[in-house]
Structure formats: structure tokens, C-alpha cells
Amino acid sequence: MVQAIVFLPLLGAILAGLIAIFGAHARNPSGDEVEHHDDGHGHGADAHASAAHDDHAHDDHGHDDHHVSEPPAQGSRAAELITTCLLMISAALSWVTLVNVGFMHQDARIALFPWINSGDLQISWALRVDTLTAVMLVVVNTVSALVHLYSIGYMDEDPNRPRFFGYLSLFTFAMLMLVTSDNLVQMFFGWEGVGLASYLLIGFWYQKPSANAAAIKAFVVNRVGDFGFALGIFALFALIGSTDFETIFAGAPGLSGKTIDFFGWHADALTLTCLLLFMGAMGKSAQFLLHTWLPDAMEGPTPVSALIHAATMVTAGVFMVARLSPLFELAPNAQAVVMFFGATTAFFAATIGLVQNDIKRIVAYSTCSQLGYMFVAMGAGAYSVGMFHLFTHAFFKALLFLGSGSVIYAMHHEQDIRNMGGLWRKIPYTFAVMCIGTLALTGFPMFAGYFSKDAIIESAYVAHNPFSTYAFTLTVAAAGLTSFYSWRLIFKTFFGEPHDQEHYEAAHEAPLWMLIPIGVLAAGSILAGYPFKELFAGHGVEEFFRESLKMHPHIIEEMHHIPEWVAAAPFVMMVAGAVISYIFYIQRPYLPVELARQQPMLYQFLLNKWYFDELYDLIFVRPAKWIGYTLWKKGDGFIIDGLGPDGVSARVLDVTRNVVKIQTGYLYHYAFAMLIGVAGLITWFMFGLGGQ
């Protein structure tokens, strides 16, 4: 059954890819490039024409395309239905697996075939199925199946749908390979696979320069983290002689007290290894300092944003730390670093979300912030609590992204919330599900986020970690900020007066393909909380997760004996954030403008995302470009080519040009040259003989 769960998405990706290749060839048998007209903003044929609105195609930023859409590739509907049906089967089997593994204890290790045999490095391809894997299978396949279904409606006018669905299924397969991995090398394969698929999906509309730039940025920033992850794998192999999880976990206690010579620094072996591994998690899960790629990933189609942010790529880092919990439990200093970066990210991303105006970017920074919460739980040693938030977050965050897509679709591909308003009358269903998603995200009682987010804040309070007070303070503050910007999005989008009358008048609910998935996710945003509370953050944790997680001793017990004010703090902050947002955007809408005018430096600081992009451009990008340009022009052009092949050939040409001038064609020139030659010979002969 597990083989089917993992390989059905791969089968879908292959079939969709073949349909895309043959469909494109049938549409354009000559192989010539189809001409794409640009709108002057660099937005070319990246958009899907929305015939329900008018005859112009629009891109995902609301700019007119003014070109006739290409005919769809042949077999587009077949590709959509094949990939979606296979994902639905995988999702159903994933839930069965969760029941079998979590409650009936049917853990398994399925060896598929030998992979790498090189000296001491013996790696086989195997599928590891325990409770941690089963939870991730449910999250990945459920959200991916709903995103596939949603995409049938959202991408209905795009001419390259088979390619898009092939990429979606490939993304899902890579993530499934990651979560079922039985060793670090296999995990790294899935890790790089989701990196590749995210590059393809973010840059799906490759005629847009901004989409290409965002795809490259995501790829490059993730390579920084992956460099650390690779070094961590090398370190473990050097220390233990294996990349297999069971061998590593068995050998880890013996590493206590050992050191590694790291550039002359004798570092604690376990601490350094865990920090290198966490560096990989920071890149993939967009933690503070390596977060800059995440908001730009919004350049891809909206279903891609939901898949990347809710179920696949960004949760890979959290899963990796949970999987390696036996290592992190033995390295308290590394856990302190994890908690520090998690808390900093939770607060930092929430502050930026306060002032963003792009509906998808607000939700993106919210994702960044919530990932920070998950790492706080990991740093506290409450790994199951972090996984609980990962589980609940997948539902309400996918709901918020796909709900935003429904708003964008209704508003004729407008994404700026300042140009919206009053939409609850036009799209009441989307409004209702977006409210459910917001209640879950902000932690309203009885919604999914209430149980998981509050549990993380409680774990931070009781954690035996140097940064526990820091983490508790920042996560509580972030809860208030999250509530403020989440309700700001709702109020500015669905309430008030319409700011774009033309688009408002044409607004209507999305097709059924898009409404069904967000309805299911809305149900998940409520039902993923309370029924699972005991399994993830209660007394049933040890029975449910068993050997798949190494929990910090007694932390769950301590979480149940906290002061009342600690338990109430997140709720109070959530209510305060919502109330302030209501005052700012419903009662007195002039207040935000006045505040921005009074605090221009703070406003610009947050609007420009703490100036990280500008800082990185100054520190890394410009020097790298200067070094590249200098090596190209001075090193390669002037020195290597100038003194080497180009220089030699130039000198030869100079000599031949001058020698050619001797060949004038005049007889007296030649006679004079001969006379000079004879005179020279005689002189040499005379002096030569004289010397003898």
C-alpha cells in the first residue's frame, strides 16, 4: 500500500509529462517558438484568459496581456483528471495508513533495492513507515489532492495545463520520497527533488522576468541551506560510518563528549552536526536570514503557493528536525539555536505582515511566522506539538491560499487588497471559508490552530532552554500581530466600499472545481484540532508516536501544569489584535494612514521587509557580480586570452601585416634588399674570417 501511495503521483507526473510533450508537438509540429506579446511590464503569455470576464487575458498581477491566448495542448483534460484521480487514491490510502500505523502499530520498513555500494557507504532504497511518516503522508497527499482539484478550475484557460499538472505531481512525489526516507541520502534526494520542482512551479509562467527571478532566488537561497545539510550528512557519516537512521540513532549517545576539528576549532561533534543539519532546515523552511525566497515564491500560480506553503517544501525542515529528534535531544545547545531562530522568525515575519498589501504576500509572511512557531516547539523538545501545528497549519493555510486564489479569480486577477472591498456580498461562500481559515490561524477557541498554537506557546514557557523566556514572549506577541494582520486582510478585502467598481461589478464565485476543495479544507481547519489534541499534545503522545519521536522527558506533563495567565495570554493577544484591527479598518479607517504618516521610518522599514533584500544585494549580490565581471574582463579577457591564445595570434597577425609591406612589387625594392643582404653577408664574412 505504501508503494502505491508514493509512486502513484510519480506515475501521474510521467503520464502528464508525456501528454504535455505530445500535445505541444501536435499544437506546433514545426517546433517553432510561439510568439508571445508583452504588456510592457514584462508580463507576457503567462496568464490565463478569463472568458467569463472579457476577451483579454490577465496575468496573476492584474495587468492586461492583450494577446490572443494559445489553444490548449491536446489531452489537457486527460492530464488533469489522471493526476487528480491518482492523488485522490494516494490521499485515501494515506488516511488508512495513519490508522494502521498510529493506532494498530503496523510500522514497517520496506526495502525496495540497493542503491549506492561504495566501500563503507552502503545505501539501499527503502521506505520507512512509522507514525511520523504517516502524519506527513496524510498532510502531503490530502493537500496536494485538493490543490490538484482546485487547479482544474483555476488554470482552466492556461494553454500549458499538462505541464503544470505534471510538475504538481512531481513535486508531490519528491516530498513523499523525503518523508518515507530510511536514510539521510534518500532524504537528501527528496529534499533536492522538491527544490527542483519548486523552481519549475514558481517559474511556470517563464515569460515573466519576475517569475524567473523568483524561481532562481528560491533555488539559490535553498542551495545555501542545502550546503549546510550536506555537510551535516558528511559529518554523521564520518562519525558513525552510516547514513541509515537506525544506525545513527543507536550510535548517537556514544558521540557525547566527542569533538570535530572544524577549521582549527574543536567543536562538540553532536552540536556542530545538528547545527549544520538545522542550516538545511532554515533554508527549506524559510527561517530568519534564509527566508527571503519565500514571499517571492508568490510569482507562481496560486495553487503552487498553497502547495509549497502548506504541505510540501516549507514543512520539510520541520519534519527533518522531528525525524532527527534523537540527535537534537543529545545536543541542548543546538536546541537553543533552533528555539532562538524559531521565535525570531515568528515575530519578525508577523511584523512584516502588518503592512503588506498583496493578498498572497500577507498569507506568505503568515506561513513564515507559523513555521517559526513549529521550530520553537522543536527547540523545546516538544516535537509532537510542533508536528501538531504542522498538521493543523496545512489545512488552514492551504485554505487561506486557495481562498485568496478564489478572491483573485473573482477580482479579475487583482491581488492588491487596497483595490478590493465589499466582496462579501459578491462571493459569500469564499468569504465564509476565509473567515474559518482566519479563525483557525489566529487561534480562536475550538478551531484547529487554537489547540496547536497555544500548545507551542505553553511548551516554550515550560522548556528547559536558555531562550525559553525569549521564545515565550515573542510567540505571544506574534499571536497578537497575527490576529491583527489576518483580520486586516478580511476587513479590507470583504468589507467597506468597493475600490475598483468595474472589477467589483464583474465579481462572482469561482467554478465548482475551486469551491469544493476550499470547503473540504474549511472542515479540516475545524476538525484537525480537538479530535487530535490528545494524540499530539496530550497523554496519548507516547502511545501514538512511539519510537518515531524522541520527546523531551516530562515536557507534555509540565505543559498541563502551567499558570492560568500563561494559558490565557495567547487568547488575550488574539482578541486584542482583532479588536485593534476592527477599529483601524472598519470604525476609523483614517487611523492606519495617519499612523504611517506619523511613523514614516517604521512604516518603510516594515514595508521594505526589514531591508533584507537590499542588504543581501549589497553584501552578496553586488560583490559577486563585481568579482565575476572582473574575472571575466580582467582575468579571462585581459590576462588569459590577452597573454595566451588571443595575444599570440594578435602578435602573429601584427608581424605578418608588417612583413607583407615588404612585398611591394617594385623591382628596384627587391634589388635594394638583395644589395643590402649581399653587403651584410660580405661584412659578416670579412669580420668572421678576421676573428679567426
Side-chain angles (χ1 to χ4, degrees), residues 342-357 362-363 365-374 376-377 389 392-393 396-397 400 417 434-461 468-496 525-526 529 559 562-596 598-599 602-603 605-607:
T344 305
T345 307
F347 180 75
F348 152 79
T351 61
I352 298 175
L354 297 174
V355 298
Q356 297 301 308
N357 296 309
I362 296 169
V363 186
Y365 275 109
S366 164
T367 299
C368 200
S369 181
Q370 297 306 307
L371 288 164
Y373 274 94
M374 295 175 208
V376 166
H389 198 49
T392 60
H393 176 262
F396 59 73
K397 191 48 59 73
L400 287 170
I417 58 173
M434 286 283 281
C435 283
I436 290 171
T438 301
L439 289 166
L441 169 63
T442 56
F444 194 80
M446 298 315 294
F447 286 79
Y450 169 73
F451 298 101
S452 58
K453 188 156 85 171
D454 284 23
I456 288 175
I457 294 171
E458 290 164 13
S459 74
Y461 180 79
S468 58
T469 306
Y470 174 81
F472 172 73
T473 307
L474 288 195
T475 49
V476 169
L481 298 176
T482 302
S483 180
F484 178 86
Y485 68 68
S486 298
W487 287 111
R488 171 179 178 263
L489 187 153
I490 294 292
F491 294 147
K492 284 186 78 69
T493 303
F494 294 102
F495 292 92
S525 299
I526 300 169
M559 285 167 56
I562 54 168
E564 287 185 10
W565 69 268
V566 173
F571 176 76
V572 172
M573 291 300 285
M574 181 270 296
V575 172
V579 169
I580 295 168
S581 187
Y582 178 80
I583 293 168
F584 269 43
Y585 297 100
I586 299 294
Q587 278 195 334
R588 300 173 184 174
Y590 60 86
L591 276 178
V593 182
E594 192 62 37
L595 195 61
Q598 287 178 7
Q599 304 289 338
L602 178 62
Y603 178 69
F605 181 69
L606 296 179
L607 194 63

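Numbering starts at 1 and runs along the sequence shown.
The shortest heavy-atom contact between Val566 and Pro570 is O-CD, 3.3 Å. The two residues Ala346 and Ser369 make their nearest non-hydrogen contact at O-OG, 2.6 Å. Across every non-hydrogen atom of Tyr365 and Gln356, the tightest pair is CD1-CG, 4.1 Å. Across all their heavy atoms, Tyr450 and Gly443 have their closest contact at CD1-O, 3.3 Å.
Scored by the side-chain contact (heavy atoms from CB on, under 4.5 Å) test, Gln587 finds Tyr582, Ile583 as partners (sequence neighbours excluded). Under the side-chain contact (heavy atoms from CB on, under 4.5 Å) criterion, Ala471 pairs with Met339, Ala343, Val376, Ala460, sequence neighbours left out. Checked against side-chain contact (heavy atoms from CB on, under 4.5 Å), Thr392 has the following partners two or more places apart in sequence or in another chain: Phe388, His389, Phe396, Ala448, Ser452, Ala528. Scanning for side-chain hydrogen bond (donor to acceptor under 3.5 Å, both in side chains) contacts around Ser459 gives an empty result, with sequence neighbours left out. Under the side-chain contact (heavy atoms from CB on, under 4.5 Å) criterion, Ala567 pairs with Glu458, Ile562, sequence neighbours left out.
We find the CE-CG distance between Met574 and Asp454 to be 8.5 Å, quoted to the nearest 0.5 Å. Interatomic distance, Gln598 CD to Leu595 CG, rounded to the nearest 0.5 Å: 6.5 Å. To the nearest 0.5 Å, atoms CD1 (Ile362) and OG1 (Thr367) are separated by 12.0 Å. Remark: Leu400 CG to Ile490 CD1 distance equals 7.5 Å, nearest 0.5 Å. Here the CG atom belonging to Leu602 is positioned 11.0 Å from the CG atom belonging to Leu607, to the nearest 0.5 angstrom. Within the model, atoms CD of Glu594 and CZ of Arg588 stand 12.5 Å from one another, a figure rounded to the nearest 0.5 Å.
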**Prompt:** Stepwise, does the side chain to side chain contact (heavy atoms under 4.5 Å, CB included) test hold for Lys453 with Gln370?
**Reply:** CA-CA 9 Å; Lys453 188 156 85 171; Gln370 297 306 307; 3.8 Å; yes

**Item:** Chi angles and distances behind the side chain to side chain contact (heavy atoms under 4.5 Å, CB included) call for Phe347, Leu481
**Value:** CA-CA 8 Å; Phe347 180 75; Leu481 298 176; 3.7 Å; yes

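With hydrogens and angles disregarded, a donor-acceptor distance shorter than 3.5 Å links the side chain of Tyr373 to the backbone of Ala479.
Residues Thr345 and Leu371 form no side-chain contact, since every pair of their non-hydrogen atoms from C-beta on lies 4.5 Å or further apart.
Note on residues 472-490: pairs passing side chain to side chain donor-acceptor pair (under 3.5 Å), not counting sequence neighbours, are Asn357-Arg488, Arg488-Tyr585.
By the 6.0 Å contact criterion, CZ on Phe571 is open, its count of non-hydrogen atoms from other residues, nucleotides or ligands being 12 or less.
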